[in-house]
Structures are given as C-alpha cells and as structure tokens.
Protein chains: 2
Amino acid sequence: MRTVPISAGDLTARARIVASALERFAAHGYEAATMRDIAAHAGVSTALVTHHFGTKQALREECDARVVRFIAEKQDAPGTPSDVLGEVLGTFGPYLARMLGDGGAASDALFERLLEVARATIADGSASGWLRPARDPEAQAAALVMLGVAPFLMLGPLTTWAGGDSEAALQRIAAPLAELYTHGLATDDRLLAAAGLATEEAR
Amino acid sequence: MRTVPISAGDLTARARIVASALERFAAHGYEAATMRDIAAHAGVSTALVTHHFGTKQALREECDARVVRFIAEKQDAPGTPSDVLGEVLGTFGPYLARMLGDGGAASDALFERLLEVARATIADGSASGWLRPARDPEAQAAALVMLGVAPFLMLGPLTTWAGGDSEAALQRIAAPLAELYTHGLATDDRLLAAAGLATEEAR
DNA sequence: ATCGGGACTGTACGCATGTACAGTATTCTG
DNA sequence: CAGAATACTGTACATGCGTACAGTCCCGAT
C-alpha cells in the first residue's frame with residue numbers, strides 16, 4: 001500500500017507509458033494514436049515502448065487490462081455499488097467510448113464487462129424497486145451501457161455545441177437525459193407501437 | 001427528372017466514387033478508409049478519384065454535401081415531417097455516426113444540421129402535445145440527436161452482442177429505448193436530484 | 001570490484017498512405 | 001470529320017507509420 005503522494009514525474013517509465021497511451025488512445029482513437037506520440041507524451045523514446053510492450057496491440061491490451069481491473073475493484077468495493085457504471089465512465093469514459101466505437105474483439109470484451117455492470121445495476125434496481133424493469137432485461141442492460149457511453153462518443157460535436165467546454169457539454173446534456181430517465185419523452189404509446197411492442201402493458 | 005430505373009453499373013464513375021466513399025467512410029471511418037479502397041470498390045483507378053475531387057478531404061466534403069442535401073429534401077418534403085431524424089438515420093446512420101464521432105469542423109457542421117431537425121421535431125411534438133417538453137429545449141434537441149446516433153456509434157459491439165446480425169442488434173436495442181422514451185426508467189426523482197435539478201416540478 | 005542483465009536510445013528498414021505527373025483513350029463540339 | 005476537352009490509367013514520390021536491431025548506460029548481486 002502506497003503511503004506517500006505520487007506525482008507523474010515519480011512514476012516508473014513503464015507506468016508513464018501506460019498513462020500516456022490511455023490518454024492518447026482516448027483522445028485520438030487506437031489507429032490514429034501513434035507510438036511516437038505516446039512515447040513523446042511519456043517523455044521516453046519510441047524504442048522503449050516496444051521494449052516494454054513489444055507491439056502497439058500489446059500496449060492496448062495492457063490499457064484494457066488496467067480499465068478492467070478498475071471496474072473489478074469498483075464492483076468488489078463495499079458500500080454503495082449503485083452507480084458503478086457512472087464511476088467507471090467518469091474515469092475512463094473517453095477511453096471506453098473510443099475503444100467501443102472502433103469495434104473488434106478487444107472492444108467486444110470491454111463491452112461485455114460493462115454489460116455485467118449494467119446487469120448488476122438492473123438487478124439491484126429491480127429488487128429495490130426504483131428501476132422500472134424492461135421486457136428484455138438483457139437489451140435493457142445493453143441500452144444502459146450505450147446511453148452511458150454515448151455522450152463521450154459524441155464529445156467532439158457536443159463540446160463545440162456547448163461553446164468549447166467539454167465539461168459543460170457533459171453537464172448540460174445530462175439534464176434532459178435525467179428528465180428522460182425519470183419521465184420519458186412521449187405522452188402516449190406511439191413509440192411503443194412503432195417498435196412493434198404491444199400496447200396492452202401495465203403501467 | 002429520371003424516369004428509368006438505374007443500377008449501380010449504370011451510374012457515372014463519379015457517382016460510383018461518391019457512393020463507394022460514403023460506404024467506406026461509414027464502415028471504417030474517415031482516417032481508416034483509404035483512397036485505394038474507395039477506388040477499388042468503385043471499380044476505378046485511384047488517380048481518377050483525385051482527378052474528380054482533388055483530395056481526400058474534398059471527397060469527404062462531397063459526401064457530406066450529399067447527406068446535407070438528403071436532409072434538406074426530407075425537411076422540405078410534404079406530408080408527414082414527424083420522424084425526419086429517423087429517416088435520415090435509417091439511410092445515413094452509420095456514415096453520420098462515424099463522422100460525428102471523429103470530430104472536427106465538418107463533423108460540427110453535420111451535427112448542426114441534425115440539431116435543426118431535432119429542434120423542429122421538438123417544436124412539432126410540443127405543439128401537438130405528444131412530446132414532454134424539457135426545461136432546456138436546446139439540450140433536449142442535442143440529446144435527441146445523440147440518442148438517435150448512439151446505436152450506430154456502437155454498432156460493432158452491439159452486433160457481436162446480438163449474435164453477428166447488425167439489423168437484429170438495432171431492432172433489439174430499439175425495444176428498451178422505446179420503453180425508455182415512453183415511461184422513463186426510474187420510479188422516483190433521484191436521478192433528477194443527482195443532476196442538480198429541483199424536484200418540485202409539475203408532473 | 002566486476003560483471004551481468006535490464007532500462008533506455010538512435011537509427012534504419014519495409015510498408016502503406018495521399019498525392020502529383022505524364023500519357024492514353026474517349027467523348028463532345030464545331 | 002478533325003480537334004479539343006475531358007475521362008481515365010500506370011507509375012512514381014515523399015511522408016509517416018510500426019517495428020527490429022545494435023549499442024550504451026546504470027544498478028544490483030556475487
């Protein structure tokens with residue numbers, strides 16, 4: 001257990017590389033982020049990155065593992081496990097958004113982890129009664145993940161929309177989403193009908 | 001006005017290039033799509049692409065203009081202008097998702113167009129009464145665009161989740177979204193409170 | 001003290017990309 | 001039916017990418 005405060009300069013070069021990779025992958029995506037850029041932002045040479053991780057793909061796997069470990073810690077933490085998804089997205093939102101948007105096997109694995117978190121949230125909410133259960137709980141979990149990640153996927157346009165401040169964009173977009181989560185959007189069942197769902201459901 | 005049915009083979013090479021670019025940009029994103037790939041799928045040489053459009057960026061602008069024109073036609077069309085956003089996304093959903101996700105000035109311009117569509121939808125829904133208005137209509141419009149684009153942004157993981165069929169993924173994810181739009185998700189006001197919104201609102 | 005291994009770097013190679021250029025075929029125009 | 005403009009192609013070039021390699025520095029174990 002670490003007892004002294006640490007700063008970026010005190011970190012191992014290896015740790016600085018991972019942190020830099022997480023940031024550059026989050027900012028530009030996996031393909032667009034370059035090994036040279038990652039190395040430069042970590043203050044090391046490009047060769048050291050390959051020395052520690054071998055390939056760019058392996059570096060990404062290390063980043064993914066770091067995120068997965070963070071999720072597992074949040075899941076296993078005592079106290080309030082209510083908004084694990086929110087905490088995870090608050091820390092790794094941009095990174096997860098980029099990786100899930102790129103697709104591929106690694107992306108699918110991360111999505112599966114987030115699905116587990118969402119399933120737990122739904123189970124908890126259904127048991128406690130504060131969450132309205134859906135006909136298809138698995139699809140509801142996928143929708144929950146999608147809705148959580150969506151603001152980060154569109155952070156670029158949303159930031160411009162909000163005047164250049166990404167934090168302000170996330171906060172402003174959160175308000176109508178909270179209203180949506182609470183009341184819905186439509187006043188009748190036309191959307192359910194359009195989705196091919198029967199309308200004789202119980203309120 | 002064209003009166004005879006047209007097939008892909010009958011199209012001008014220029015039109016085939018634009019169609020190919022729209023498809024490759026949608027499938028792989030702007031950066032990852034290559035001029036050689038676009039040319040090959042259009043059945044022409046790479047040099048012809050540069051001959052017609054000059055640069056890759058100019059080709060993208062042509063694609064964007066095509067989409068913008070499509071949106072304008074849908075907006076100006078008579079009859080039911082109720083779900084213009086849905087029709088636009090049904091045709092150019094993957095393309096718009098990739099372009100909006102990449103960010104940049106062109107992305108912001110497309111987002112602004114979609115915002116206008118969403119504003120019109122909200123105005124119509126508020127007037128007709130089927131849509132529950134939000135405290136911040138502009139943010140509601142942005143949220144509407146975001147929620148519409150989100151499934152396409154995550155089409156990769158969602159497709160794997162649904163067993164490899166992207167159409168099935170979109171359909172299955174639409175069900176809980178329709179429920180969300182109709183009833184909301186929470187049974188109390190805790191999410192509104194968490195978003196910093198006062199709870200003394202009228203239902 | 002030394003010596004062996006890991007941290008670390010500079011350089012270079014092969015490859016894919018966007019683009020420029022010269023040249024040929026085709027189509028329109030007078 | 002010439003001639004000019006346009007459609008179209010093959011090739012080549014500069015650039016940036018991921019990665020491999022040889023070599024230097026430094027620190028801990030014997």
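Chain identifiers are assigned alphabetically (A, B, ...) following the order of the sequence lines, protein sequences preceding nucleic acid strands; residue numbering begins at 1 within each chain. Quantities reported herein were computed from a predicted structural model and do not represent experimental measurements.
Nearest heavy atom pair, residue B:Ala139 against residue A:Arg172, reads CB-O, 3.6 Å.
The distance between atom CZ of B:Arg16 and atom C1' of D:dC8, rounded to the nearest whole Å, is 11 Å. In this structure, the CZ atom of A:Phe53 is 13 Å from the P atom of D:dT19, given to the nearest Å. Residue A:Met35 contributes atom CE, which lies 20 Å from atom P of C:dA12 at whole-angstrom precision. Taking atom NE2 of B:His28 as the reference point, atom P of C:dT17 lies 11 Å away to the nearest angstrom. For B:Glu31 and C:dT17, the CD to P distance is 13 Å, given to the nearest whole Å. As rounded to whole Å, 15 Å separates atom C1' of C:dA16 from atom CD1 of B:Ile38. The CZ atom of A:Arg60 sits 19 Å away from the C1' atom of D:dT19 (whole-angstrom rounding). Spacing between atom CG of A:Leu48 and atom P of D:dA20 amounts to 15 Å, rounded to whole angstrom units.
The side chain of A:His51 approaches C:dC8 more closely than any other nucleotide in the set C:dC8, D:dC8, D:dG18.
For D:dC8, one of the phosphate oxygens OP1 or OP2 lies less than 4.0 angstrom from a side-chain nitrogen or oxygen of B:His52.
At a threshold of 4.5 Å between non-hydrogen side-chain atoms, the residues A:Thr12 and A:His52 do not count as touching. Side-chain contact between B:Phe152 and B:Leu158 is absent, with no heavy atoms from C-beta onward closer than 4.5 Å.
The residue B:Thr46 sits close to a base: some heavy atom pair falls under 4.0 Å. Counting any heavy atom pair closer than 4.0 Å across all strands shown, A:Ser45 reaches a base atom. Among the atoms of the strands shown, none is found under 4.0 Å from any heavy atom of B:Ala32. Nucleic acid contact for A:Ala58: none, since no nucleic acid atom lies under 4.0 Å from a heavy atom of the residue.
Between the side chain of A:Arg36 and the base of D:dG16, no donor-acceptor pair under 3.5 Å is found.
By the 30° and 60° cut-offs, the orientation of the rings of B:Phe70 relative to B:Phe92 is perpendicular.
Summarising the geometry, atom OG1 belonging to B:Thr50 is positioned 10.5 Å from atom CG belonging to B:Leu59; distances are rounded to the nearest 0.5 Å.
Nearest-nucleotide assignment on DNA chain D puts the 5′-proximal partner with A:Tyr30, out of A:Ala47 and A:Tyr30.
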